[in-house]
Amino acid sequence: MYRQLLAATRLVNSTVARMSTQACRDNNMIFRQLFDRDTCTYTYLLADARTKEAVLIDPVIELAERDAKLVQELDLNLKYVMNTHVHADHITGTGLLKKLIPGCKSVIAKVSGGSADIHVNHGDKVTFGDHLLEVRSTPGHTNGCVIYVSHGQKMAFTGDALLVRGCGRTDFQEGSPDTLYESVHSQILSLPHDFILYPAHDYKGQTATTVEEELKYNPRLTKSKEEFINIMNSLGLDFPKKIDISLPANKVCGLHNLPEHLAAKFNEK
Ligand code: FE2
C-alpha cells in the first residue's frame with residue numbers, strides 16, 4: 001500500500017514538474033506585437049526575460065525610434081533585427097535600428113539577395129537567451145521568404161506567406177502561387193494545430209490565428225492547388241505604392257535611395 005502511494009506521489013510530482021517547466025518557459029518570454037497603421041505591418045519584439053536578449057522581426061523605418069525606445073525601456077539587449085523577406089510595401093527599419101542600437105545584427109535569408117550581417121538558410125536556428133527560432137524557407141510570395149518558428153512557445157512568425165484567412169500576393173517579386181501553396185502546406189499548416197501564427201500584416205484588425213483555424217477557414221488555402229492558383233491569378237490588385245523605393249532600399253537594409261524626409265532623418269543619427 002505504502003509503495004503504491006509512493007509511486008502515485010512520484011507520478012503526481014513528475015507531472016507537476018513538467019507543468020511548471022512549461023509555465024517557466026512561457027513566463028520567460030517577453031512578447032510584443034507592434035503595429036504600423038500606414039502599411040498595416042506587424043513588428044514583433046521577443047526577448048528572454050532572464051538574459052534580456054531580444055530580437056525584432058520585420059521593423060518599419062518610420063517606427064524604428066518607437067521600437068528602439070521600447071527596447072531601451074524594457075532594458076533589453078537587442079541581438080538581432082530580422083526580416084522575413086525583402087518587403088515591397090514599406091522600408092525596413094533594420095538599417096536605422098542598427099544605428100540607434102549599436103551592436104545589433106541584421107538577419108535575412110540568403111536566398112532573398114538582401115544584404116545583412118547574417119544570412120540564414122532553411123533549418124538554421126536563431127537563438128536569444130534560452131529561446132530558439134527555427135528558420136523555415138517558404139518561397140512563393142518571394143523566393144527569399146522565410147518564417148521563424150518557436151517550438152518552445154508554440155508560435156510562428158509567418159511573414160507574408162500566410163496571413164489571417166489569407167496569404168501574401170504572388171503577382172510580382174518572383175511570386176508563384178504554385179510554390180506558395182506547397183510552402184504553406186508543407187512548412188506552416190503541417191505544424192501542430194495549436195501553434196499560434198503571427199502574420200506580417202493584417203488589414204482587417206486581426207492579430208493572430210492558429211494552424212487549426214487556417215486549416216478550417218482560410219478561404220484560399222483550404223482549396224485544391226488548382227483552385228488556389230486560379231484565385232491568386234485573378235486577384236487584380238493594385239501595385240504597391242511604395243514598391244519603387246522599398247525594394248532597392250530593402251536590398252541594403254533600408255539604407256539606399258531613401259525618400260528625402262527619411263534621408264534627412266538618417267543624417268541626423
Ligand atoms: Fe511582402
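Both ligands and their constituent atoms are indexed starting at 1 by order of listing.
Here the Fe ion (ligand 1) has protein N, O or S atoms under 2.8 Å from it, and they come to 3.
Using modelled atom types, one finds no donor on one side chain facing an acceptor on the other under 3.5 Å when comparing Asp67 with Thr43. Side-chain atoms of Glu214 and Thr209 include a donor-acceptor pair closer than 3.5 Å.
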For a salt bridge (charged side-chain N to carboxylate O under 4.0 Å, His left out) check, start with the C-alpha distance between Lys242 and Asp38, then their side-chain angles and the critical distance, and finish with the verdict. CA-CA 11 Å; Lys242 293 186 182 176; Asp38 186 29; 2.9 Å; yes

For a side-chain hydrogen bond (donor to acceptor under 3.5 Å, both in side chains) check, start with the C-alpha distance between His90 and Asp36, then their side-chain angles and the critical distance, and finish with the verdict. CA-CA 10 Å; His90 67 271; Asp36 171 34; over 6 Å; no

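No donor-acceptor pair closer than 3.5 Å links the side chain of Glu53 to the backbone N or O of Phe128.
Residues satisfying the side-chain contact (heavy atoms from CB on, under 4.5 Å) test with Lys69, not counting sequence neighbours, are Glu73.
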